[in-house]
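Just so we're on the same page: letters track the sequence lines, and every chain starts at 1.
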Amino acid sequence: MEADDAVDNSRPKKRRRVEKGDANEAIVIESSTESEPESLSSPRSNLIGTTRPNPPAINLSLTPELPPAPEYDDFTGDSIKVLTLEWYLDSVKAGVLLPTKNYVVFEGRITGKPNPLIQSPRKILRRENLISQAKGDTPPRGQPLYKHGPRWAISKSPAQPPRLMHQTSSEHDRAVALPPLPPSLCSIYSCQRSTPAQSPNADFIAQLYIIKHARKLDRDDRGISALAYSKAIASIQAYPYTLTSPEEVARLPNCAERYAEIFQEWKETGRVQEVQQIETDERMKSLTEFYEIYDVAEKTARQFYARGWRDLDDVISQGWDTLTPNQQIGVKFYDDFKEKIPRDEVERIAAIVLRYANQVREGFHMVIVGGYRKGKTMCGDVDVILSHPDEDATDHVVEQIVWNLAEDQWITHRLTVSTANSERGQQTINWRGGMSKTRGRGFCTLDKALVVWQDAELAKNPDPGRRNPRRRVDIILSPWKTAGCAVLGWSGGTMFERDLRKYCRNVKGVKFDSTGVRRLSDGTWLDLEKGANDLLEKEKKVFEGLGLEWRDPEERCTG
DNA sequence: GGGCCGTACTG
DNA sequence: CAGTAC
DNA sequence: GCCC
């Protein structure tokens, strides 16, 4: 019946061996949005989900009137002090840097900046990162926020000889004031701050990312430990200055002792022991390889390992029949799915989806969300949101669209199709009953289809010279009334989205998800999008309605 | 010391 | 229900 | 691992 569910169950012959060097490519921090979308973002139809106009939103009104941040040369200059952790902990407690006198373990001069990239072994970071490193620690968006200039500006000046060795504490205390915390970082909610893809601390973040990944794979703590790392990373990612000291780390939200510790180690030695262990851990390598199979996550990865399997070939040769249908697809297109998708291809694919949607019914609006909208030059998959101003036009259309696309060979497999929404069609929009149902068709969830895509034309006229890599495409159908919520819900990094929900719950007393905003108390649906007549405008209205300052999608890169 | 986003699908 | 994905 |  289904044209597209014929998952070819034949086990792949001998899998093309993956470039081993790529094994860790997930670690790469996207480092190129600045060269960027100007050319792509021109309002070319309703295709492109990027809008330019908004100036970087930085709330200066909150800028505290802090004393000038003067000479912390001692900590940015060319001398290195190794201090005990006690010094740090005591300083945190005191709220100010204590004199180091009684805590110094070692002091010495360095002749060159430690370059962790060079020292840390191979392959983790790609060339772009080396380049961005070479470009220097420039904060992502020009203008210093503070007239005294951020630390990175000052640290360039010729370092004075460290003169804090034998100083009195009062002199010293003044000397180590940190640059003011950017106002946006005062919020514990990442949806309230700007988190660009670029970070002056990308190298440090890369270290944390490796630990996070390892925690996720080898601990059975429901991902709690990894979650902690994700939050810390999200905070640091939003910090526009080069971090220079443990306490500068520790004052960031979600970054406490542990992260100050890691930072100190990294800063002093140019590496982090735990990271090095992880990198040489064979078990981690296997787990990572398994984890990169679509529909295999940490539990299954560990399970595979426990069965004695060590790489993908073991999975294929020893466990093919035990795999779920989706895992089989994941294995089959292992290399394809790991491959990133360039923006122009994302656009081409999206345009085809839109065309088919409009074939089913004229007048669909679309916005490309996901990594594309966050400005990534290479995307992991294609996510599009479709909506139609006519109330009930979105009913059951996913199936229709997917069917047609499959018939024409654009779609080769369907991973999941969720029709919960169309199924229960008339349900009221309030999840706690009562109240008006806003007449007629209400939606509790979105219809969506996760499918495997190919270039149908190329498939029909194969060209031996051209590959036809399969792509994962997520097609989401949203009812018009709440399409702004859908766009917002699909255009941010994971932490951005989690914090958005948390913020809504704790601060605004509402429940946000991609199907709408509802009052927590009685479940009544709140229409925040009234009056907007395109998807991006609707998204803006949701920001306003939630009392949030606008953030460009490129500033929602919380990972 | 307890909680950490929330929901739908699949097996 | 557990596991996965978004 | 951090935060309330």
Side-chain angles (χ1 to χ4, degrees), chain A residues 5 7 92 187-191 208 211-212 215-216 219-236 249-262 274 290-304 322-330 337 369-371 380-385 398 414-424 431 443-451 472-476 478 485-486 488-506 510-518 520 558:
Chain A
D5 63 358
V7 174
V92 168
S187 172
I188 59 166
Y189 300 110
S190 61
C191 55
L208 296 181
I211 301 178
K212 168 190 131 171
R215 287 282 201 281
K216 168 157 243 159
R219 283 203 191 182
D220 199 7
D221 61 357
R222 283 172 36 227
I224 298 302
S225 177
L227 174 63
Y229 279 84
S230 297
K231 290 175 175 177
I233 288 171
S235 294
I236 299 172
V249 173
R251 68 181 178 159
L252 301 177
N254 303 304
C255 299
E257 284 117 282
R258 180 67 186 124
Y259 299 97
E261 237 174 66
I262 298 172
E274 186 176 354
F290 299 150
Y291 185 73
E292 285 171 334
I293 302 170
Y294 180 87
D295 205 31
V296 171
E298 63 268 25
K299 309 280 175 143
T300 310
R302 284 195 286 264
Q303 194 185 317
F304 285 1
T322 72
L323 300 180
T324 70
N326 278 359
Q327 286 167 349
Q328 291 184 344
I329 296 174
F337 288 174
V369 290
D381 62 2
V382 180
D383 304 282
V384 301
I385 291 182
V398 218
R414 73 165 72 185
L415 294 166
T416 64
V417 176
S418 126
T419 53
N421 152 27
S422 295
E423 293 301 296
R424 50 180 169 235
W431 95 91
F443 293 84
C444 287
T445 88
L446 306 179
D447 279 354
K448 77 171 193 168
L450 225 133
V451 301
R472 283 182 305 118
V473 177
D474 208 347
I475 302 169
I476 299 147
S478 170
C485 291
L488 174 53
W490 254 281
S491 300
T494 309
M495 283 306 139
F496 181 95
E497 299 296 340
R498 290 173 92 143
D499 281 346
L500 179 57
R501 293 160 202 263
K502 198 197 295 200
Y503 163 86
C504 287
R505 227 181 329 107
N506 299 341
V510 299
K511 177 167 115 60
F512 171 89
D513 64 50
S514 51
T515 69
V517 177
R518 295 158 181 87
L520 223 42
T558 56

By nearest atom, which of the nucleotides [options] is closest to the [X] side chain?
X	options	result
A:S418	B:dG6, C:dA5, B:dA8	B:dA8
A:T494	C:dT4, B:dC5, C:dC6	B:dC5
A:A297	C:dA5, B:dC5, C:dC6	C:dA5

When we call it a touch if two heavy atoms are under 4.0 Å apart, what does [X] touch: a base, just sugar-phosphate, or nothing?
X	result
A:F512	nothing
A:R505	sugar-phosphate
A:R472	sugar-phosphate
A:S514	nothing
A:L500	nothing
A:K502	nothing
A:D474	sugar-phosphate

Could you go through nucleotides 2-4 of chain D and list every protein N or O atom that sits under 3.5 Å from one of its N or O atoms, giving the distance for each pair?
unit_1	atom_1	unit_2	atom_2	d
D:dC2	OP1	A:A256	N	3.2
D:dC2	OP1	A:A256	O	3.3
D:dC2	OP1	A:R258	N	3.1
D:dC3	OP1	A:N254	N	2.8

Measure from [atom1] on [X] to [atom2] on [N] and round the result to the nearest Å.
X	N	atom1	atom2	answer
A:K216	C:dA5	NZ	C1'	11 Å
A:R498	B:dC5	CZ	C1'	6 Å
A:L227	B:dG2	CG	C1'	14 Å
A:R222	C:dC1	CZ	C1'	15 Å
A:E497	B:dT7	CD	C1'	14 Å
A:F304	C:dT4	CZ	P	9 Å
A:R215	B:dC4	CZ	C1'	17 Å
A:D295	C:dT4	CG	P	8 Å

Give me the distance, rounded to whole Å, that separates B:dC5 from D:dC4 when you measure between the P atoms they each carry.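 Per the computed distance, 14 Å lies between those P atoms.
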When the C1' atoms of B:dG3 and C:dC6 are considered, how many whole Å apart are they?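 Each nucleotide's C1' atom is 23 Å from the other's.
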Judged by each residue's nearest nucleotide on DNA chain B, which is more toward the 5′ side, A:I224 or A:N326?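 Residue closer to the 5' terminus by nearest nucleotide: A:I224.
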Salt-bridge present (A:E274, A:R215; N to O < 4.0 Å):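 Answer for the salt bridge query: yes.
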Any residue meeting side-chain hydrogen bond (donor to acceptor under 3.5 Å, both in side chains) with A:S230, in chain and number order, not counting sequence neighbours: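 A:S230 satisfies side-chain hydrogen bond (donor to acceptor under 3.5 Å, both in side chains) with A:K212 once adjacent residues are dropped.
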Apply the test salt bridge (charged side-chain N to carboxylate O under 4.0 Å, His left out) to residues A:D499 and A:K231: give CA-CA distance (whole Å), side-chain angles for both, the deciding distance (0.1 Å), then the verdict. CA-CA 10 Å; A:D499 281 346; A:K231 290 175 175 177; over 6 Å; no
Using OP1 and OP2 only, check whether a side-chain N or O of A:T416 sits under 4.0 Å from C:dA5.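 Checking A:T416 against C:dA5: no side-chain N or O falls below 4.0 Å of OP1 or OP2.
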Begin with the C-alpha distance, continue with both residues' side-chain angles, and end with the deciding distance and a verdict on salt bridge (charged side-chain N to carboxylate O under 4.0 Å, His left out) for A:D474 and A:R472. CA-CA 7 Å; A:D474 208 347; A:R472 283 182 305 118; over 6 Å; no
Is it true that a side-chain atom of A:E298 and a backbone atom of A:K216 form a donor plus acceptor pair closer than 3.5 Å?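 Pair absent, no side-chain N/O of A:E298 close to backbone of A:K216.
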CA sep, side-chain torsions, deciding dist, call: A:R501, A:N506, side-chain contact (heavy atoms from CB on, under 4.5 Å): CA-CA 9 Å; A:R501 293 160 202 263; A:N506 299 341; over 6 Å; no
